[in-house]
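The block underneath contains the structure these notes are about, expressed in structure tokens.
Lettering of chains follows the sequences in order, A, B, ..., and the numbering in each one begins at 1.
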Amino acid sequence: MQDAIRAAQSDGSLPAFDVPAVDIAPPKRPEHGDYATGAAMALAKPAKLNPFAIATAIANHLPPADFIGAVEVVHPGFINFRLNDDWLRAQTEQIIAEGDALFTLDLGAGKRAQVEFVSANPSGPINVGRSRGGVIGDTMARLLEAAGYQVEREYYFNTAGRQMRNVGNSLRIRYLEALGKPITIPDESDESFYRGDYLIDFARDLAAEVGESWVDHDWQPFKEYAEKRMFAWIRASLERVRIHHDVFFNENTLYESRAIWEVLEALEERGFIYRAAIPENADVDERDEADDKGEAVWFRSTRFGDSKDRVLVKSSGEPTYTLPDIAYHKNKLDRGFDLLINVLGADHGAQYKVVQYGISALGLDASKIHVIINQMVRMVRDGKEFKGSTRRGIYDTLDDVIDMTSADAVRYFLLARSPDSHLNFDLDLAVRQSNENPVYYIQYAHVRCAGIFREAALRGVSDEGADVRLLGEPELKFLRKVMELGEVIAQAVELYEPHRIAFYALELANAFHPVFDQVRVLHSDVPPALAKARLRFYRAAQIALRRTLNLMGMSAPEHM
RNA sequence: GUGCCUGUAGCUCAGUGGAUAGAGCGUCUGCCUACGGAGCAGAAAGUCGGGGGUUCGAAUCCCUCCAGGCACGCCA
């Protein structure tokens, strides 16, 4: 397109103006072609010509290409393109040749990307809310791989804080309980006590393992035991939905390596640090409290537009969460990734801003870091929201939801929404309609392909030596949809919107089923040469469907 | 109160400044002597939360109001 505009300018068909980026996209209505652009309308002003004349000039200067069929210019100035039918038929062989690597792009060739997601501390089983970030992150990673990136999946966690100490203490109480020792379970108002049933199970196992030998131990070994068990559980739950991480990064290593203190020094050298009891821009209320507090170390985040400065080191000498968070992101950048993606729940969105300010304050390139903030998952049952509680037998753990539906359904449900959209997970619907949801519609398309090949094998029909030029219009319609996959991957990666693949999958299945209904392979009316060609087509279709399912981390079943 | 997110068909949600706003589910009407009917063909169903503005053109960008969610600690 841009070449055509330049060519038109150079021979005087169009006046001189800066050639803009041109959007070409499949239009909503099929009669408007396979791809269309309204670029001429946008150029009307700089070119000082009417849009139809511009569109005509561009169309006349388009460089020849074998994949372009008809080009038409339509009032008020749209240019509509149609793919060349023979080129499209030939794509059948191309799709089969590419196989499971179908539409692997070179966007990220030679580049390394890292996706950090889930990152839940091992204090309890993973819930559906966190799993949403898990599915988004893993799908993003799969899409980045398809775009050509070398991808690392990372899980960041902290086991040194109060949260895990409380888990250790809670397990210790349950352990003593399991041994029949006199103990008192803290009441509901004590939020430091973890009430989940799983700690009772852990305690029983531990008691069986070590007997009474731990009765005089403090919380520490209990914490370590719980941590080990919890991580094994979380990893196993994630594995059920085909999520795994390459690197588990312990925040503690940033303390051990003194990395956090180096970051603090660097910020200080750059003038972003001061020590005071209250922030420099404190309001009246805070001034009143000044006497009660010792001196803390502050980060001048207000220089970056933050509403207030942030404490990095408390008056007790202990760092807040913010300091290691900044150090962690510096660490990621130091590891030389070209692209860093961080999948966070909405409840961590504000904290991320401060990290971004910290990275900028260090003089590092914050533009390599991209955050996908996903909104909360609301669990709904009987039309009402509920908060999950394993103890009370109300399900919101990933395991529970998988058990009630399926791993594939969970992946699809959690993926098929814009991350910005609040997600209502209706348990009744997920359970009751598990056979009616889009997951099965998509997978069924793949199953139907598999069915054809089973039947073809029985009847001794093969696609060897097929002539794809025999394929008809219904098949071409489906191939046009397949050809959009590359653009879907590119957009999902460039916009950090992995949910796009889920909607594409539905469209692909939607394009498939009518063809299946209409285009028979193993029927007496179908001449052998045509049957071969059609079988070849279904082989390509199956590959495209499987590729799409794989990108979503879903299985491509042969039977249902 | 401030910041971020959301508001589109009965429900759950897509939608890139473009042409007549889409899908799944639900509802209604047809289609099983053809490779799996978990399917196909079709229909009904919309003040794109309200109001202004920018633009040749707005669900999309800007302002404002309304409604809902999340976050706003020397917690982690």
Side-chain angles (χ1 to χ4, degrees), chain A residues 23-29 31-32 36-39 41-42 44-45 50-51 74-78 80 121 123 158 160-164 166 277-279 289 292-298 306-308 310-316 318-321 345-351 353 373-376 378 380 413 416-426 429 433 435-441 443-445 447-456 458-459 461 491 495 499-500 502-503 506-507 510 512-526 531 534-535 538 559-560:
Chain A
D23 273 343
I24 300 183
K28 288 172 189 166
R29 306 183 64 78
E31 61 267 32
H32 294 142
T37 178
M41 265 98 78
K45 197 162 270 183
N50 80 66
V74 174
H75 279 102
F78 291 103
N80 299 334
N121 287 337
S123 59
N158 165 284
R162 199 169 67 188
Q163 197 184 6
M164 288 306 295
N166 289 339
I278 55 168
E289 297 168 21
D292 307 337
K293 294 180 176 176
E295 220 171 47
V297 179
W298 296 80
D306 202 354
S307 55
K308 56 188 139 189
R310 307 287 165 173
V311 172
L312 294 184
V313 184
K314 296 182 249 178
S315 52
S316 65
E318 237 184 315
T320 62
Y321 238 56
D347 50 347
H348 291 84
Q351 172 68 8
K353 281 300 225 185
I373 291 176
N374 63 277
Q375 297 299 314
M376 302 283 93
R378 230 168 122 247
V380 177
F413 264 64
R417 264 158 197 77
S418 157
D420 284 339
S421 160
H422 302 259
L423 194 156
N424 290 318
F425 200 109
D426 188 329
L429 201 72
Q433 301 191 331
N435 281 0
E436 293 155 35
N437 67 43
V439 175
Y440 299 89
Y441 184 75
Q443 290 180 324
Y444 187 46
V447 168
R448 286 180 128 179
C449 288
I452 294 175
F453 285 100
R454 273 194 301 276
E455 190 61 27
L458 286 176
R459 302 194 195 181
V461 178
Q491 284 207 338
L495 301 171
H499 69 284
R500 285 169 180 273
F503 288 93
L506 200 54
E507 289 172 16
N510 221 332
F512 175 84
H513 289 298
V515 181
F516 178 89
D517 227 49
Q518 227 176 314
V519 182
R520 297 283 151 172
V521 177
L522 306 169
H523 189 252
S524 51
D525 293 350
V526 182
R534 289 179 171 177
L535 198 56
Y538 282 113
H559 304 270
M560 286 182 85

Self-check item: Assigned glycosidic conformation for B/C32 [threshold 90° from 0]
Solution: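 Judged by the O4'-C1' to base torsion, B/C32 sits in syn, the angle falling within 90° of 0.
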When you compare [N] with [M], how far apart are their [atom1] atoms, in angstrom units rounded to a whole number?
N: B/U6; M: B/U16; atom1: P; value: 12 Å
N: B/U47; M: B/C66; atom1: C1'; value: 16 Å
N: B/A67; M: B/G50; atom1: P; value: 15 Å
N: B/G30; M: B/U12; atom1: P; value: 30 Å
N: B/A58; M: B/U20; atom1: P; value: 12 Å
N: B/U60; M: B/A19; atom1: C1'; value: 16 Å
N: B/A45; M: B/U8; atom1: C1'; value: 14 Å
N: B/G49; M: B/C5; atom1: C1'; value: 16 Å

Quiz item: Does the side-chain ring of A/Tyr321 sit on the six-membered ring of the B/A76 base, less than 5.5 Å centre to centre and under 30° in tilt?
Solution: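 According to the criterion (under 5.5 Å, under 30°), yes, A/Tyr321 stacks.
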Quiz item: Does A/Phe78 stack onto the base of B/A19, taking stacking as ring centres under 5.5 Å apart and planes under 30° apart?
Solution: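 Ring-base stacking flag set for A/Phe78 and B/A19.
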[N] OP1/OP2 closer than 4.0 Å to side-chain N/O of [X]:
X: A/Tyr441; N: B/C40; result: yes
X: A/Asn510; N: B/G24; result: yes
X: A/Arg448; N: B/G37; result: yes
X: A/Lys314; N: B/A76; result: yes

From [X] atom [atom1] to [Y] atom [atom2], the distance as rounded to the nearest 0.5 Å:
X: A/Asp420; Y: A/His499; atom1: CG; atom2: NE2; answer: 8.5 Å
X: A/Glu455; Y: A/Leu535; atom1: CD; atom2: CG; answer: 11.5 Å
X: A/Asn166; Y: A/Arg162; atom1: CG; atom2: CZ; answer: 6.5 Å

Exercise. Between B/A34, B/C35, B/A38, spot the one nearest the side chain of A/Met560, thanks.
Key: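 The answer is B/A38, which lies nearest to the side chain.
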Exercise. Counting heavy atoms from C-beta on, name the nucleotide in B/C74, B/G69, B/G39 closest to the side chain of A/Gln375.
Key: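 So the side chain of A/Gln375 is nearest to B/G69.
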For a quick check of understanding: with a heavy-atom distance under 4.0 Å over all strands, which category does [X] fall into, base, sugar-phosphate or nothing?
X: A/Gly451; answer: sugar-phosphate
X: A/His32; answer: base
X: A/Val519; answer: base

Practice problem: Would you mind reading off the distance between A/Phe512 atom CZ and B/G37 atom P, rounded to a whole angstrom? | Solution: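 So the two atoms are 11 Å apart, to the nearest Å.
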Quiz prompt | Whole-Å distance separating the CD atom of A/Gln351 from the C1' atom of B/C4 | solution =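 Distance check: A/Gln351 CD to B/C4 C1' gives 15 Å.
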Self-check item: RNA chain B: 5'-proximal contact among A/Arg520 and A/Val313 (nearest heavy atom)
Solution: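 Of the two residues, A/Arg520 wins.
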Quiz item: Does the base of B/A34 carry an N or O that pairs as donor and acceptor with the side chain of A/Asp517 under 3.5 Å?
Solution: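 Answer no: no donor N or O sits under 3.5 Å from an acceptor.
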Exercise. Compute the centroid of each ring, for A/Tyr538 and then for A/Phe453, and state whether the two points are separated by less than 6.0 Å.
Key: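 Here the rings of A/Phe453 and A/Tyr538 have centres that are no less than 6.0 Å from each other.
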Self-check item: Dot-bracket notation for RNA chain B, counting Watson-Crick and G-U pairs under 3.5 Å, with | for partners on another strand
Solution: (((((((..((((....[...)))).(((((.......))))).....(((((..]....))))))))))))....
Quiz item: Of the non-hydrogen atoms in A/Ala296 and A/Ser315, which two are nearest, and what is the gap between them?
Solution: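 In this case the closest contact between A/Ala296 and A/Ser315 is CB-N, 4.0 Å.
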Exercise. For A/Arg459 and A/Leu522, indicate whether the former's side chain and the latter's backbone hold a donor-acceptor pair under 3.5 Å.
Key: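 Looks like yes, one N/O pair under 3.5 Å.
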Self-check item: Side chain A/His513, main chain A/Tyr441, donor-acceptor under 3.5 Å
Solution: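 Yes; at least one donor-acceptor contact below 3.5 Å.
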Quiz item: Using a cut-off of 4.0 Å between protein heavy atoms and nucleotide atoms, how would you tag nucleotides 9-17 of chain B 5' to 3' with B, S and -?
Solution: ---SSSSB-
